[in-house]
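What you see below is based on every heavy atom in this structure, not just the backbone, and it leaves out hydrogens, waters and symmetry mates. Every number for a ligand or one of its atoms is a count from 1 in the order of the listing.
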Amino acid sequence: MRPVILFRKILLTVLTVAATSTVWADNGYKLWLEYHKITDAAKVKIYTSQLGTTFFQTKSAQSGVAYNELSSGLIDMLNLKPVKVSSVKDGGLIIGTRNELRDIDHVIAADSLFERIGNEGYIIKNIVIAGRKKVVVTANTDIGILYGVFGFLRLLETQTDINKLNIVEYPRTMYRILDHWDNLNRTVERGYAGASIWNWHKLPGYIDQRYIDYARANASVGINGSVLNNVNANALILTTDYLIKVKALADAFRPYGIKVYLSVKFSSPIEIGKLKTADPLDPQVQQWWKDKANEIYHYIPDFGGFLVKANSEGQPGPQTYGRTHADGANMLADALAPHHGIVMWRAFVYDNNVPDDRAKQAYNEFKPFDGKFRPNVIIQVKNGAIDFQPREPFHPLFGAMPNTSLMIEFQLTQEYLGFSTHLVFEAPLFKECLDADTYAMGKGASVANILEGKYNRKLITGMAGVANIGSDINWCGHPFAQANWFAFGRLAWNPGQSSDKIADEWLRMTFNNDLTFVKPMKRVMLQSRETAVNYMTPLGLHHIMGVNTHYGPGPWVDDAGRADWTAVYYHKADSGGIGFNRTSTGSNAVSQYLIPVRDRFENLNTCPEKYLLWFHHVKWTYPTKSGRNLWNELVYRYYTGVDSVKSMQQIWNNMASKVDAERFTAVKQLMSIQYQEAQRWRDACVLYFQTFSQLPIPPGYETPAHALSYYRDQKFLMAPGIGGNQ
Ligand code: BDP
């Protein structure tokens, strides 16, 4: 072929491909609320004919927000601007509170159903009036309507049939809260997505559009609270100057049903109140907190309450004055109670000077106080007894405090899961804990059931997630990390939902509804947490990350200022074997679980292999279920983890034509970093543990690229996330 003709042919091909393929840019800012245009003509036809007329009265800020959301959703997805009608019988889509729809509420649902959905739930249903089929979105309150509208838009975004609707939704927990570990100087402790989104310096005068977009995204998944500052709190947050800034944020969030909460430093009466003590039994201290609460509520009448990290990792607390957690929490609770605020008191306590397994300490400190906390105190318990590890068995406090309100704390930010360079979908991690059976009330008392308050209706309930949000343009650093924010909201709303459903929704809403994309990527997401466990901490290993930064592998860490911050404390590898003996012959942490869970963990034969080295010190030659001995199994897991990242990359590489170029490239690059880091984890850990097992890496596995010393010598001094207590 002559060069000119060849050139023309190539040019033509390039132009045709460009015209037909989906090459567009998307920076991910819009999260799962992008409302992509629906292109399936049949669906567009059905939706458009049903939704062309709307009955929707908007009388409050919240219903105004709901109406705007609906309008922009319908325009973006269907290019539809519905005609607003003033009579219910004329509307194809009817949206209103039960009161607003009094004339037809009996057609929608029985009284008992309206009772069940409470203040925040909603009903989406098809009804027929005067022979015409309608879609109704109703609730008892305006916030219920806002959630209902988001729920309805989600149906369209996931291209659900709207002709057979009978949806009854209501949150199973009361307090669904994001905890921001954000410092006042805008660093974020364990944050990997840029600086804090709160620009304290420009507040209160400047309300960044981000604040509103943040509130909107939260409301779309049912999150109703935000703790603005780090649990390692700076007392300054309670000064009047800062309270005025906090008020500005509270005002911006209110239309979206989000309340603000603050982390408080227990010693604030000394630091900003000029008192000599912070003793919770001191009347002056009590008065100081009461006055402070009055001041806060003067600015923010619906202020949510306090989050407190006390006597933990160097923070002050009631024990500093010889008092108890109950004394401290109740004192703050009494200050907030007249205003209906709550205290979220953290059970994340452990002390290097206590000569006992760290995993046992929270239970030992808190269980004796069951029933001793005020009704507006809720104890915030991490999902596992150590610290947000890639895998932990559920925290034994769940099921151990039947007369105390407990909320679970998950970590969305990937402190121990590869920061914002690793694709790790956390819903399976959350679910593993939520679905675990504590046997507190006999079989079936799952962690979720306890959190929902099923066994004690007097308790308040909640779920907290340590936020993974920063000022990166895509909010979370990794496009797929947004899925963890989304999943947290969906599970806090209803812990019974499946990871599969959540991943499915998120992929469709965030990217597209093309099954050739959704199906393989859903598999990737659902496998991703197990993959990370395999290349980081398989078989129940834990806390073997780099010292302080928690970046990358550090199984050799044996000097970190205190024993319970070293890796050797947790893996206990020696020539005889590996793992922490927490059975009755060891620390006996298993005794904190109820029978039969205790027995299952105690017995080497029944202990699930995923928790093997969490509970047992096991010989290197111990035969595992696969038939491989422990050493070979460990090697197998590390290598499988890395191979799974490679498969993940291959699947993503096939998605180039199905997603926008910007996110495609971003994820591709991040996956390549993840692959290198997974390899580093694998090689460093296998080589390090080999120094104890003295066994060879079985044939067929790639040889580690470097000697162990190379990995040990690597320093990452400027790794992100060390926020400091500013
Ligand atoms: C640990 C983090 C530390 C937090 C602590 C907490 O490394 O930065 O302050 O949890 O939850 O995982 O208080």
Side-chain donor-acceptor contact under 3.5 Å, [X] with [Y]:
X	Y	result
E677	Y551	yes
D241	T239	no
E415	Q411	yes
K309	N232	yes
H422	Y535	yes

Original post:
Should R562 and E313 count as an ion pair when the cut-off is N to O under 4.0 Å?
Top reply: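 No salt bridge links R562 with E313.
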[atom] - nearest protein heavy atom and its distance:
atom	answer
atom 5 (C) of ligand 1	E313 OE1, 3.4 Å
atom 12 (O) of ligand 1	D387 OD2, 2.6 Å
atom 8 (O) of ligand 1	E189 OE2, 2.4 Å

Open item on the list: Applying a heavy-atom cut-off of 4.0 Å, say which part of V466 lies close to ligand 1: side chain, backbone, both or neither.
Closed with: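 The answer is neither.
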### Query
Is it true that H550 lies under 4.0 Å from ligand 1, counting heavy atoms only?
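Judged by the 4.0 Å heavy-atom criterion, H550 does count as contacting ligand 1.
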message: Does the residue R346 have a heavy-atom contact with ligand 1, meaning some pair of atoms that are separated by less than 4.0 Å?
response: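 Right, R346 reaches ligand 1.
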Review point. Do ligand 1 and Y416 have nitrogen or oxygen atoms that lie under 3.5 Å from each other?
Key: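 Indeed, backbone or side chain, Y416 has an N or O that close.
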Decide whether an N or O pair under 3.5 Å exists between E415 and ligand 1.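 N/O-N/O distance under 3.5 Å: yes.
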Check: Taking only heavy atoms of R190, which atoms of ligand 1 are found under 4.0 Å from at least one of them?
Finding: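 Here the atoms of ligand 1 in question are 2 (C), 3 (C), 7 (O), 8 (O).
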